[in-house]
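Below is one structure; the comments refer to it alone.
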Number of protein chains: 2
Amino acid sequence: MALAERILAAKFNKPGYDLVDHHTYVLASDGDLMEGLSHEAASFAGHLGLGRLIVLYDDNHISIDGSTDLSFSDDVPGRFASYGWHVQKVDGHDMAAIEGAIQEARKDSQRPSLIACRTHIGFGSPQQDTAKVHGTPLGEEGLKSTKKQFGWDPEARFLVPEEVREYFKGYQVSGSEIKSQWKKMVDSYKNAHPDLAEEWDRYVAGQLTPGWEDHLPNFLPDKPLATRSASGKVLDTVSPHLPTLVGGSADLTPSNNTRTSEAIDIAPGEFGGNYIHYGVREHGMGSIMTGLALHGLRPYGGTFLIFSDYMRPTIRLAAMMGLPVIYVFTHDSIGLGEDGPTHQPVEHLTSLRTIPNLVVIRPSDGNETATAWKVALQRNEGPTALVLTRQGLPQNSPIDNGLERGAYVLRSATDAKPDILLIGTGSEVSIAFEAANRLSDEGINAQVVSMPSWELFDAQPAAYRESILPPGVPGVAIEAGVSLAWGRYLGTENSRVIGVDRYGASAPYQTIYENYGLTPQRVVEEVKQLMG
Amino acid sequence: MALAERILAAKFNKPGYDLVDHHTYVLASDGDLMEGLSHEAASFAGHLGLGRLIVLYDDNHISIDGSTDLSFSDDVPGRFASYGWHVQKVDGHDMAAIEGAIQEARKDSQRPSLIACRTHIGFGSPQQDTAKVHGTPLGEEGLKSTKKQFGWDPEARFLVPEEVREYFKGYQVSGSEIKSQWKKMVDSYKNAHPDLAEEWDRYVAGQLTPGWEDHLPNFLPDKPLATRSASGKVLDTVSPHLPTLVGGSADLTPSNNTRTSEAIDIAPGEFGGNYIHYGVREHGMGSIMTGLALHGLRPYGGTFLIFSDYMRPTIRLAAMMGLPVIYVFTHDSIGLGEDGPTHQPVEHLTSLRTIPNLVVIRPSDGNETATAWKVALQRNEGPTALVLTRQGLPQNSPIDNGLERGAYVLRSATDAKPDILLIGTGSEVSIAFEAANRLSDEGINAQVVSMPSWELFDAQPAAYRESILPPGVPGVAIEAGVSLAWGRYLGTENSRVIGVDRYGASAPYQTIYENYGLTPQRVVEEVKQLMG
């Protein structure tokens, strides 16, 4: 969030027009600071010098198991100092001290600030400084006793004392004034900087530049192209027309093809760029993208598909909040080859499909990749995962392919009713395609379905779905991942799934595909067995 | 790993018998230290004072994107000092300096040690200090030039110089001597401490104490019991008979029911216990359990099922390495109630099932929970996830239930061939059970299948599987999670899945179950619709 503020400020602020200049405040607990994510985020914020980020650390020495002494001995201020943060310590029940520390923090515009506030959980209650008060309500007697402790009427409920009401009224007035001044400034900005103001309006409305889609490339059958490379070409042509797009990678930029040739790096003190080197921080990258999206920017970020596991909590939150984050997951199967089983995703495609409101797209070639980006960028109601190959793939689909509907017939059967359906996703579509050609030579009439996105397909009307997967026609699905969920489309009878239900292996990818039976020949054999 | 050494030393070492006293060495890169996991592990190691842990930090300033200046400005030694580590800095190409630093590190038995070694990637090659050399081979010319740089024969391949061979021969001799001395000590230990020696032999062989299963409790129909509570009772009765069992929780001990009444906490300087307060460090907990299992201990650790997302990379590694780690995932569905959608897993059960060689078990009551623990503890070839409820469930299954086969008939149909199959897992089994009773009143003959583990069921012979799920019989599955993969057992026709294909909600669990249609009434309705 604090980075989004800096990026927006660099993009829109002009002398006399500080459209964006807010601070970002965080309340963090002991538990938050034990989590690994706190390291990734704090280290990154320190590196970039996000001076408008102020973290109030609720240092209460208590977590659910009991005293933090059970598991936690960090010198937290020392730790944050090692990240290049401005660090202060205060009594967390001394309002004046907190106020003073916040003022000091705001003065330091070059470093994020940690204010370690020593507090007492359940302050003033009979259960002060105990783990119990973390999760259990105080109860009738506990409430009364606490109110008495502070000189309040023990019987009063939902009471806001008059002096509190008055105090906040002051902020109501001053807040209104600040808001109307800011609105005036924005109005006058429209005259002073009309082009930027137009962009600002689109940004505020969450709209992309009209006509950006016209810049999507058309991929022609040529030499094999990896979908990660196709993705890079798409970004190269559309990025210049999408000013709110902010790319990045968790230290796999040359592999993810996420950095366009004209990208400008975001760096300490330089926030006018559009590319972020997130470092080896996948979880942090996911969370930072969520923060960027919450500020109206359009983030995408790359890593290997295997490392989507590091990001799942943040993918889930983006999906739950309905934020249009785009994950660029390359090296999407055993097809990555020599790096071997630790780096070869097999369960990830299916496990991502389980996340509600995440759209997962695994395009099969260049044009499907272009359409996948179109879908992802046009999607406002939730995140999209693009699942891309390391290895080259032939170009089979036209520019106006059916990816937007999730699945479509890529190669029709010659008769109205096919003998067999061959269903593939991503890199396995061309295997299905080749198998269909061989079957055709033997007089078997196969319909090849490219099925890049289950979620998009499931959202289609039944009539469309049945036109693609006609009931009663036997099917063979081929996908370089676990077969677990394919019964959803193929049922338990009259069908086969050629998948990868074990860990991968280290070898050139052609060798692994051959050994794991992901070949046209295997598809042909399965079809013949199935058709008896 | 370093914690395992301490636990084993505390368990087995006696005066004159230091059976376990090794050091654990880590080679860590910039990237490793950017990852959040490094924070969880290093903070925890510092807290426990694991003095025999020595980390050599390969501080080469280069990652895949280029210079680490792009994303990383941590004062790494300062950071580790804040965790209470002993910290040194050396020239990473000065062998004598590294040797000296290691000796210093070994002298400090109370603090883990970081040795920051400033190195140059691709040292001596034409690509020294570049990102390219991280992932790309040097090539013919690069190899030759590098060899020349060090005064080696540029043409020699796979050369081990004679002086290196001689140097290592010395270690061969001294290593053999140390080994045979250690073996003698172990032999004499068998006379001096026969009981412990027996335990040691079992530990080395990876065997559990014979007869431990006799202590599994029998749960009788009584008041409703959460499976997390049943799990706690199982641990209470079996733990005293399993000396290599090491429990713990990521700061959810009172919720996960993972700490037995006789457990002893592991704490700084006190490693003789059997319970670990991991702090709010799920990923760290998973990785530490992997290290314990690699040392032959039998670790289990608890968190909420939702937080399994934080641990996926380490669950996958344990599964790939075939290690018997046990994950205790409680609060397993929308049934956790008031904590709401951020804490309610819906996709996690299915997404865990996608991981090869992980056995996922979701027991439906006390006796199934006891059998689940039996399966998990008897499993040597990979990890097991126990998926447990927060809410109370009725006791339906006998002590000798069919959980070990993954699925079994809990309530037979009255005729040989049932009209309908009702399949449930975990907390939804009792809903299926109740629905079967209601259907019976209406003359519909339902077979209730409790299906706690897909992996165990899939491993059964086809004949058994068909006896449980007879082909051609329509089925309704009910599970408080995404329905995505149920087509695997039910096919696409003649079946229904009552699942949760969206995020949860915050309310008392009964209200959510009602609103999400996870009720006997809904099952009855679906059955009637299905049977026309």
Side-chain angles (χ1 to χ4, degrees), chain A residues 31 34-40 43-44 46-47 63-65 70-75 78-79 81-84 249 251-255 265 277-281 283-284 309-310 312-313 316 320 341-342 346-347 350-351 353-356 482 484-485 487-493 501-503, chain B residues 31 34-40 43-44 46-47 63-65 70-75 78-79 81-84 249 251-255 265 277-281 283-284 309-310 312-313 316 320 341-342 346-347 350-351 353-356 482 484-485 487-493 501-503:
Chain A
M34 291 189 220
E35 289 283 2
L37 182 56
S38 70
H39 167 58
E40 298 185 12
S43 164
F44 187 72
H47 169 73
S63 67
I64 290 174
D65 273 15
L70 285 171
S71 58
F72 190 56
S73 319
D74 290 7
D75 164 16
R79 176 184 160 212
S82 82
Y83 298 142
S249 167
D251 196 48
L252 287 170
T253 296
S255 300
D265 287 345
H277 293 280
Y278 286 101
V280 189
R281 302 181 182 102
H283 198 171
D309 272 352
Y310 286 76
R312 279 184 78 88
R316 179 174 217 263
M320 190 182 289
T342 54
V346 296
E347 72 272 30
T350 303
S351 75
R353 287 175 182 144
T354 63
I355 301 178
V482 295
L484 190 83
R488 179 176 186 81
Y489 300 110
L490 291 175
T492 52
E493 285 165 44
D501 289 307
R502 54 183 168 133
Y503 292 109
Chain B
M34 291 188 220
E35 290 283 4
L37 181 56
S38 71
H39 167 59
E40 298 185 13
S43 164
F44 187 72
H47 169 72
S63 68
I64 290 174
D65 273 16
L70 285 170
S71 58
F72 190 57
S73 319
D74 290 7
D75 164 15
R79 178 184 159 212
S82 82
Y83 298 141
S249 168
D251 196 45
L252 287 169
T253 296
S255 300
D265 287 346
H277 293 280
Y278 286 101
V280 189
R281 304 182 180 102
H283 197 171
D309 272 354
Y310 286 76
R312 279 184 78 89
R316 179 174 217 264
M320 189 182 288
T342 55
V346 296
E347 71 272 30
T350 302
S351 75
R353 288 175 182 145
T354 63
I355 300 178
V482 295
L484 191 82
R488 178 176 188 79
Y489 300 110
L490 292 174
T492 53
E493 285 162 44
D501 289 307
R502 53 181 168 132
Y503 291 108

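Worth knowing before you read on, the calculation uses all heavy atoms, side chains too, and leaves out hydrogens, waters and symmetry mates. Residue numbers start from 1 in every chain, and the chains themselves are labelled A, B, ... in the order their sequence lines are given, proteins ahead of strands. For clarity, every value in this text was computed on a predicted model and none was experimentally measured.
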**Prompt:** Side-chain contact, heavy-atom cut-off 4.5 Å: A/P254 with B/D65?
**Reply:**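 Sidechains of B/D65 and A/P254: in contact.
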
Which heavy atom of [X] sits nearest a heavy atom of [Y], and at what distance?
X      : Y      : result
B/S351 : A/S351 : CB-CB, 3.7 Å
B/S43  : A/D74  : OG-OD1, 2.8 Å
A/M34  : B/E40  : O-CG, 3.5 Å
A/R312 : B/R312 : CD-CD, 2.9 Å

**Prompt:** Tell me, side chain or backbone of B/R79 under 4.5 Å from chain A's heavy atoms, or both, or neither?
**Reply:**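 The answer is both parts of B/R79.
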
**Region of B/T342 that comes under 4.5 Å of a non-hydrogen atom in chain A** =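 Backbone plus side chain of B/T342, per the 4.5 Å heavy-atom cut-off to chain A.
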
Is the side chain of [X] donor-acceptor paired with the backbone N or O of [Y] at a distance under 3.5 Å, no angle test?
X      : Y      : value
B/H283 : A/E35  : no
B/H47  : A/L70  : yes
A/Y503 : B/P356 : yes
A/R316 : B/E347 : no

**Asked** If you tally heavy-atom pairs under 4.5 Å against chain A, which of B/V482, B/D501, B/D75, B/L484 wins?
**Response**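 Among B/V482, B/D501, B/D75, B/L484, the one with the most close pairs to chain A is B/L484.
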
**Message:** Heavy-atom pairs under 4.5 Å with chain A: which of B/G31, B/G78, B/G46 has the most?
**Reply:**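 Heavy-atom pair counts peak at B/G31.
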
Working to the nearest 0.5 angstrom, can you tell me the gap between [X] [atom1] and [Y] [atom2]?
X      : Y      : atom1 : atom2 : result
A/I64  : B/D251 : CD1   : CG    : 5.5 Å
B/Y310 : A/Y310 : OH    : OH    : 15.5 Å
B/S71  : A/F44  : OG    : CZ    : 7.5 Å

